[in-house]
Amino acid sequence: MIFAHSARDGLLVLIALLQVGLTGYAIWAFPVLEWPALVGLGAALVFLTCTSYQCVAHNQIHAPFFKWKLVNRLFTVLNSFCLGMPGTLYRFHHLNHHRFNNDEIDSETGTTRDDSSIFRHGKNGAEESLITYALFGLFRTDVVHLYREAAKKKPGGWVLAETLFVLAAVGALFAWNWQAALTLYVPVWVLGQVGAFAENYLEHHGATPGDRKTDSVSSYAWLYNLIWFNNGYHQEHHLKPQVHWTQIKAV
């Protein structure tokens, strides 16, 4: 078996391939599809983009899918297109979140150590609103800081490879049909980011930071967890992030 933990990780790999293929189809079919079909296609791609963050890249970070390091690296390059950013940079961003667990604002520094904490831009020590967190999260991401973190860790030339792959792939979409890329791909990517930030917010809204058993929020709705690979077990995931998604119920 090529998978390191479970053959069910193949479903996550298929989702990444589906997103790549569906994006290509959307650009190709853009001139002939009616607006209702394009809207439906766009909605599906927004969902897949959000899934790429919350399920595909997320699980690849904590429990790499494949037995071989090189194959995991190559998959991260491919999935970088699905994220719209280098997967290694997202890894640093996400591990920072796990290290500081949605902490509250420190009185001395005036900010949080978790770059994605929902308290970071809140007022009077309270959480920020869902709307502003989701809408502005993309523009607050400090990409320069993430690249500097990558330089410290020295992950070879993989960050560069991921960056060049994303730029080349997006550039190819615009060269293929710039109207389709501008009208469909760009809004889909932006809304996918908004969805991913909204999901992160709701996974911590109302939680109490400072204790690994109270710093997140779980959802045990069976359909949600069926569709999103047990992503609802978020408090359990924060407590034991090394546990594979197929085993998280036991936690």
Side-chain angles (χ1 to χ4, degrees), residues 49-64 76 79-80 83-153 155 159 190 192-219 228-243 245 248 251:
T49 301
C50 194
T51 301
S52 288
Y53 274 97
Q54 299 295 341
C55 300
V56 182
H58 181 234
N59 286 303
Q60 172 74 352
I61 288 170
H62 291 287
T76 299
N79 199 52
S80 294
L83 300 175
M85 70 174 292
T88 299
L89 297 191
Y90 176 63
R91 180 176 185 272
F92 290 132
H93 176 79
H94 184 68
L95 292 181
N96 166 267
H97 169 63
H98 268 277
R99 182 181 180 186
F100 298 114
N101 292 289
N102 193 51
D103 61 332
E104 297 175 294
I105 293 177
D106 181 84
S107 58
E108 294 184 5
T109 63
T111 188
T112 61
R113 293 177 296 174
D114 180 352
D115 295 335
S116 59
S117 173
I118 64 177
F119 292 96
R120 191 175 185 87
H121 298 280
K123 302 296 184 182
N124 301 317
E127 300 174 356
E128 182 180 6
S129 74
L130 168 62
I131 294 176
T132 58
Y133 183 88
L135 290 180
F136 300 146
L138 168 63
F139 306 102
R140 291 168 175 166
T141 302
D142 192 342
V143 178
V144 174
H145 169 71
L146 292 175
Y147 270 104
R148 287 173 178 167
E149 287 297 307
K152 291 178 184 177
K153 303 295 182 181
V159 175
V190 171
Q193 309 299 312
V194 171
F197 275 102
E199 174 66 17
N200 185 68
Y201 183 96
L202 294 172
E203 288 174 335
H204 299 90
H205 173 59
T208 305
D211 187 321
R212 289 296 174 97
K213 295 181 179 181
T214 65
D215 57 16
S216 305
V217 177
S218 289
S219 169
W228 260 17
F229 303 88
N230 288 335
N231 193 60
Y233 293 86
H234 199 68
Q235 182 68 79
E236 292 79 2
H237 172 66
H238 266 260
L239 184 66
K240 297 280 182 97
Q242 73 277 12
V243 174
W245 66 270
I248 196 64
V251 177

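Below, all heavy atoms of this structure are taken into account, side chains as well, without hydrogens, waters or symmetry copies. The model shown is predicted, which means the values in this text are computed figures rather than measured ones.
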Exercise for review: State whether the side chain of Gln235 and the backbone N or O of Ser216 hold a donor-acceptor pair below 3.5 Å, judged by distance alone.
Suggested key: yes
**Study point:** Value rounded to 0.5 Å, distance of OG in Ser219 from NE2 in His234
**Key:** 12.0 Å
**Study point:** More than 12 heavy atoms from other groups under 6.0 Å of NE2 on His121
**Key:** yes
Exercise for review: Check whether more than 12 heavy atoms from other residues, nucleotides or ligands sit under 6.0 Å from atom CD1 of Ile131, and answer yes or no.
Suggested key: no
Check your understanding: If only atom types and distance count, is the side chain of Asn59 paired as donor or acceptor with the main-chain N or O of Val56 below 3.5 Å?
Key -> no
Point to revise | Rounded distance (nearest 0.5 Å) linking atom OH of Tyr90 with atom OG1 of Thr141 | key: 10.5 Å
Study note, to complete from the structure: Rounded to the nearest 0.5 angstrom, the OH-CG distance for Tyr133 and Leu202 is 10.0 Å
Revision key, fill the gap. Minimal heavy-atom distance between Ser80 and Gly87, with the atoms involved, is OG-N, 2.8 Å
Check your understanding: Are the side chain of Thr214 and the backbone of Thr208 linked by a donor-acceptor contact shorter than 3.5 Å?
Key -> yes
Point to revise | His204 side-chain N/O to Asn200 backbone N/O, donor-acceptor pair under 3.5 Å | key: yes
Practice item. Would you kindly say whether Glu203 and Asn102 are connected by a side-chain donor-acceptor distance under 3.5 Å? Key: no
Review point. If you count the non-hydrogen atoms of other residues, nucleotides and ligands that lie under 6.0 Å from CZ in Arg140, is the total more than 12?
Key: yes
Practice item. Kindly say whether His97 contributes a backbone atom to a donor-acceptor pair with the side chain of Ser116 at under 3.5 angstrom? Key: no
Check your understanding: What closest approach, in Å, do Arg212 and Arg99 show between heavy atoms, and which atom pair accounts for it?
Key -> NH2-O, 4.0 Å
Practice item. Determine whether Leu138 and Val194 make a side-chain contact, defined as any pair of heavy atoms from C-beta on separated by less than 4.5 Å. Key: no
Revision key, fill the gap. Tightest non-hydrogen contact, residues Leu146 and Met85, listed as CD1-CE, 4.4 Å
Practice item. Verify side-chain contact (heavy atoms from CB on, under 4.5 Å) between Thr76 and Gln60, making sure each step is shown before the conclusion. Key: CA-CA 8 Å; Thr76 299; Gln60 172 74 352; 3.8 Å; yes
**Study point:** Minimal non-hydrogen separation, Asp114 against Thr112, with atom names
**Key:** O-OG1, 2.8 Å
Study note, to complete from the structure: Hits for side-chain contact (heavy atoms from CB on, under 4.5 Å) against Glu104, two or more places apart or cross-chain, chain-then-number order -> Phe119, Pro209
Study note, to complete from the structure: The residue among His58, Gln193, His94 that forms side-chain hydrogen bond (donor to acceptor under 3.5 Å, both in side chains) with Tyr53 is Gln193
Practice item. For the residue pair Asn101 and His238, establish whether any side-chain heavy-atom pair is separated by less than 4.5 Å. Key: yes
Practice item. Mind listing the closest non-hydrogen atom pair of Pro86 and Tyr147 along with its distance? Key: CG-OH, 3.7 Å
**Study point:** Counterpart residues, side-chain contact (heavy atoms from CB on, under 4.5 Å), relative to Asp115 (two or more places apart)
**Key:** Asn96, Arg120, His145
**Study point:** Point-to-point distance, once rounded to the nearest 0.5 Å, from CD1 of Ile61 to NE2 of His93
**Key:** 9.5 Å
Point to revise | Test item: Glu149 side-chain N/O and Val144 main-chain N/O as donor-acceptor pair under 3.5 Å | key: no
Practice item. Apply side-chain contact (heavy atoms from CB on, under 4.5 Å) to His62 and Lys240, showing your working. Key: CA-CA 10 Å; His62 291 287; Lys240 297 280 182 97; over 6 Å; no
Practice item. Would you check if the side chain of Asn124 reaches a backbone N or O of Ala126 as a donor-acceptor pair within less than 3.5 Å? Key: no
Point to revise | Heavy-atom closest pair, residues Ser117 and Asp103 | key: OG-O, 2.6 Å
